[in-house]
Structures are given as C-alpha cells and as structure tokens.
Amino acid sequence: MRILFVAAEASPIAKVGGMGDVVGALPKVLRKLGHDVRIIMPYYGFLPDKVDIPTEPVWWGDAMFQKFAVYETVLPETDVPLYLFGHPCFSGRSVYGGDDEYWRFTFFANGAAEFAWNYWKPQIIHCHDWHTGMIPVWMSDSPDISTVFTIHNLAYQGPGREMLEQITWCPWHMQGDNAMAAGLQFADLVNTVSPTYAAQIKTPEYGENLHGLLSWISGKTRGIINGIDTEKYNPATDRLIAQNFTPKTIEKRRLNKVRLQEESGLEINRNAFLIGMVTRLVEQKGIDLVLQTLERFLAYTDAQLIILGTGDRFYETQLWEISARYRGRISVQLLHNETISRRVYSGIDAFLMPSRFEPCGISQMLAMRYGAIPIVRKTGGLVDTVPFFDPANEEGLGYGFDRYEPLDLYTCMIRAYEGFRFKDAWEKLQIRAMSQDFSWYRSSVDYLKMYREVIGEAPELTDKEQKIIDQKIK
Ligand SMILES: Nc1ncnc2c1ncn2[C@@H]1O[C@H](COP(=O)(O)OP(=O)(O)O[C@H]2O[C@H](CO)[C@@H](O)[C@H](O)[C@H]2O)[C@@H](O)[C@H]1O
C-alpha cells in the first residue's frame, strides 16, 4: 500500500511529545512489512541541525495564496522518505506556539493535500491531530485517496469554523465546528491510541465537547494501542545511558541510579526510593495532583523525586520553587532533552504518571522497558498498558489509583514505597516489566487492517507480513 503520513512532529528530528514517537516509529515498521510509507511535515528552522536537506526542492506548490517548496530527504536512522514543507512561516525554532499557529498548520495541511494530488499520490493519507483535520474534508472529493485520522490529543482542536472559512477552502458540504471535528467527521476511519480511551471519549467527562460527535461516529472509530521503538529504546544497547543491562543482568542497573543521583544533584543513596517523571508540564499530566501530594509524601518517606519536563510556566515555577526547598531530594530539570530522559528512565525505581486523561501514553512503556515501575492513574491507555501489581500471585506491572484526588495518589505512592522495601519481589516486578513486548509490530497488525478496510481490501495479513510479524513478536 502507498501511505502518506501527514504530521507536525516526527521523532528523532522534531519531537515534542508522544505524537512524534508514533510518526517516527510506525512508518519504519510498515516499510519493513513491505509498504511504501512516506512522511510529510513542516520544514522547521531547527531541522538543518538534525538532518541533511538538499538545497533544491523537488516540487513547488501553491496553497492559500502562498507558494511553498517541498524538499526530499530521509528520516534519520530509517529508510522512510521524508518530505519537508518549506515556507518562511515555519522558520522558527519551535514546533508549536506563536500567533499564527492556526493559520500556519492549516496552510501546511492544505499544502500536503496539494502535494498528494499533484506530486506523490498515496492510496491513503494518514492524518494526525487537528493540524491535519481539513485533509479528510478536501479528500472526500477525491475517491482514489482514502483517509485515516488518528487522535493523539483531543484537548487541542485547532481553528474554529469561522476562522477556517476566512483562511482556506471550506466546501459547502463541510461540517464540524473546528479542524479536529471536521477531520473526525470526514475521515474514512478514525482511531485513537488505546481501546479504553476510545470508549472514554464518547462521554462528556473525556470527550472535550466532541463526545456527541464521537458517539455518532463510533462505528468507524477504533482504539489501537501505541507501541514503542524497541530498537532505539533498548537498555541492552543504548549508548546514552551509563550502564547497559538486560532482565538477566538487572543488578547492573543500580549504577544508573547512582549516576542519575550524581548528575541531578540528588543525595547519593542507593536505598532511597527514587521516583521520576518525564513529561510535558501541562494540566493533562496531573502535575497539580503531584504538587498537592508531594510534601506529605516526602515527610513520611526518604523518597527522592526527579522531574524532567517543560510546559506551562505556572507548573514550572511551582516545581522550581519546591525543588529549591528540598535540595538533594527533589531535582527539577526544566528541559526537553532526549539523553537525560533515557538516563532518568534507566535510573529511577518508579515512574509517576497520574494523568487526568491519557490517550495511550508512551512514557510509561519506555519506563517499563528500562526497568522502572509505573505508578499511574487508571485512565485511558494507562489501563491497557499497566495491569496492576498483585504481589500474592506475582502478576501485573505497576501501581494504580482511580479517583483524581490527592489522597488517592498519596496512598498509591505509599503502596509503591512499601513494595520497594521487599527487594526480591521488586526485582521480579522489574524483570517482568522489562520483559513485556511493546514493539510496534504488535500494533501494526491493527493499523494494516484499518488501512485495508479504507481501501476496500480484505483485512487479512499477507503470508509475508505474517511471517515477519511472527519473527518479531514474542
Ligand atoms: N522534557 C522531556 N525531555 C525529553 N523527552 C520528553 C520530555 N517530555 C516528554 N518527553 C517524551 O515525549 C514522549 C511523551 O509521550 P506520551 O505518549 O507519554 O505523552 P504525550 O502527551 O506527549 O502524547 C500524546 O500522544 C501520544 C501518542 O499517541 C499518546 O500516547 C499520549 O497519550 C498523548 O497524550 C515520551 O517519549 C517522553 O519520553
């Protein structure tokens, strides 16, 4: 199949959060399974530092009364062709933000549609989040190009209908109050990134005002759990961490904890319970709950906390302030840094993710891959990826709590803290977490089915695909 991914992010060159992980990893696996998958994303000002880009474009196009250039390169460390949509509006150093964000990404979507009509024609356009929401609307007039729309974050819905009508082409039959809603309405199939979240978004509590529409289209909506890039994120070979280790050599992991404590200004204490977070500092991630719980938890235990994240200034300031009062016990790094993130995953004992809502969550899977035990709120994809620890039967992978309440988080953290004191049981839990298969090959089966469904083919895997997948998954 010929599939064009259209997205604002692609790891490793333009990643802000989990969408970048998905767009950077899934095409690579689909290509290994024999499909011609390519990506188009904006040519951000910082990209020349990260990837070789030819000076001559392969194509010039027009959209929204502007000219744009498309450059062709390859996503680093893969064989995935990458097209970069070049226009001065994307020359800044950050992916999101700025007053023209809505206009800029709508223009990008429009350019990507022109590109698919005129330069490289896919059978399927795979759209990601509101930035690409208008593409299914435009493609509804092109019967030879089908569309799949993936919801990574329903909270951001893009420009409203009125603005869309001012800046771009909205066909008379268009429906939807904003870019996200339009994408959901017109895509041939829609998915979000876990089965639990796919069910939750049909309710007012999680639907971000689109629950009515999402219930209406539930027949064409799927829930497909994300994977992680298990080649890149492999503690046995990762060169960015202090000490490599495997489930069989888990004792070697201890060195990573000590190094992390050294590097982040925490007291060096192998026995202290070290909890970590690697996250965007936004309301979704439950930072307010952590702030309400933390001091009580620190008073009761000898635990330490490291937070790596950037986001809302409000949370950044509060975390910074609290870390200044607990030197040696709390380390807050207000950065986006891939190397530090891996050093955190490989050194902490437990990974905290008390999300208000969570479509899937990649961080908790990365944490488990590196032997850190998740402490999560039972919501969305965290339900599907973190079965809860049952010490009596030696089952499960992490600790969980239900209600979005400080006391519930506190109790859950105390349970994990107590669990950590039973060293043998904790080590077995770590080994079990590390031994899970979170690779994209598993989820690629459901994506292939979805792609085949939109182009009217039988959903079964081919023998070749089945063989590769059988080899890859445990
Ligand atoms: N400061 C920092 N430095 C370095 N790396 C950092 C970082 N902050 C975050 N990251 C990285 O960004 C990714 C975060 O991915 P998540 O899926 O956990 O959440 P996010 O909300 O961004 O994604 C959204 O999209 C994804 C993809 O579908 C869904 O899984 C998720 O539920 C949804 O909210 C991880 O790879 C993490 O390591």
Side-chain angles (χ1 to χ4, degrees), residues 5 7-12 14-26 94-96 126-131 149-156 190-198 200-201 206 208 222-230 232-233 238 240-241 264 276-287 306-312 315-316 319 331-346 348 351-370 372 374 376-377 379-386 438 440 443 447:
F5 274 55
E9 299 180 33
S11 164
K15 165 174 154 181
V16 177
M19 181 187 20
D21 283 306
V22 174
V23 178
L26 178 58
S94 61
V95 173
Y96 301 121
H126 188 157
C127 305
H128 298 266
D129 272 357
W130 74 260
H131 318 99
F149 185 90
T150 298
I151 306 169
H152 298 276
N153 205 327
L154 199 56
Y156 305 106
V190 170
N191 82 301
T192 185
V193 284
S194 70
T196 300
Y197 190 65
Q200 285 177 326
I201 55 179
Y206 289 96
E208 305 282 351
R222 315 276 180 268
I224 305 179
I225 204 90
N226 282 332
I228 57 171
D229 188 334
T230 46
K232 185 162 126 191
Y233 295 102
D238 192 335
L240 299 178
I241 63 176
S264 55
M277 295 180 82
V278 177
T279 182
R280 295 182 296 114
L281 297 174
V282 293
E283 194 189 353
Q284 171 190 352
K285 301 296 180 180
I287 315 297
I306 176 162
I307 299 185
L308 171 66
T310 54
D312 294 351
Y315 294 127
E316 291 189 350
L319 288 169
S331 170
V332 171
Q333 320 257 340
L334 300 175
L335 300 166
H336 192 284
N337 185 300
E338 177 70 25
T339 306
I340 303 181
S341 77
R342 301 213 207 165
R343 294 175 89 86
V344 171
Y345 289 128
S346 65
I348 54 176
F351 184 78
L352 182 58
M353 202 160 170
S355 305
R356 199 178 273 273
F357 67 92
E358 197 57 73
C360 177
I362 295 231
S363 325
Q364 80 282 10
M365 292 193 267
L366 296 179
M368 286 188 268
R369 176 100 174 126
Y370 284 84
V376 300
R377 174 154 177 261
T379 186
L382 298 173
V383 175
D384 300 317
T385 54
V386 188
F438 293 117
W440 268 109
S443 313
Y447 275 103

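Predicted model only: the values in this text are computed from it and were never measured. In listed order, ligands and their atoms are each counted from 1.
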Is ligand 1 less than 4.0 angstrom away from at least one heavy atom of K15?
yes
So, does G309 sit close enough to ligand 1 that a heavy atom of it is under 4.0 Å from the ligand?
yes
Taking both backbone and side-chain atoms of V193, is any N or O found less than 3.5 Å from an N or O belonging to ligand 1?
no
Tell me the protein heavy atom at minimum distance from atom 30 (O) of ligand 1, and give that distance in Å.
G361 N, 2.7 Å
Are any of the N or O atoms of G18 closer than 3.5 Å to those of ligand 1?
yes
Salt bridge or not for R377 and E358, using N-O below 4.0 Å?
no
With the threshold set at under 4.0 angstrom, would you say K285 reaches ligand 1 through any of its heavy atoms?
yes
Taking atom 3 (N) of ligand 1 as the point of reference, which of L382, I151, N337 owns the nearest heavy atom?
N337
Taking heavy atoms and a distance under 4.0 Å, where does H152 meet ligand 1: side chain, backbone, both or neither?
both
Any N or O of I362 that comes nearer than 3.5 Å to an N or O of ligand 1?
yes
Purely on distance, is any nitrogen or oxygen of Y233 under 3.5 Å from one on ligand 1?
no
Ligand 1 to T310 polar contact by distance, N or O atoms, under 3.5 Å:
no
What heavy-atom pair brings Y345 and A372 nearest, and what distance separates the two atoms?
O-CB, 3.9 Å
I want to know if ligand 1 touches V22 in the polar sense, i.e. an N/O pair below 3.5 angstrom.
no
Under 3.5 Å, N or O to N or O, is R280 touching ligand 1 that way?
yes
Contact between ligand 1 and Y345 is defined here as a heavy atom of the residue under 4.0 Å from a ligand atom; is it met?
yes
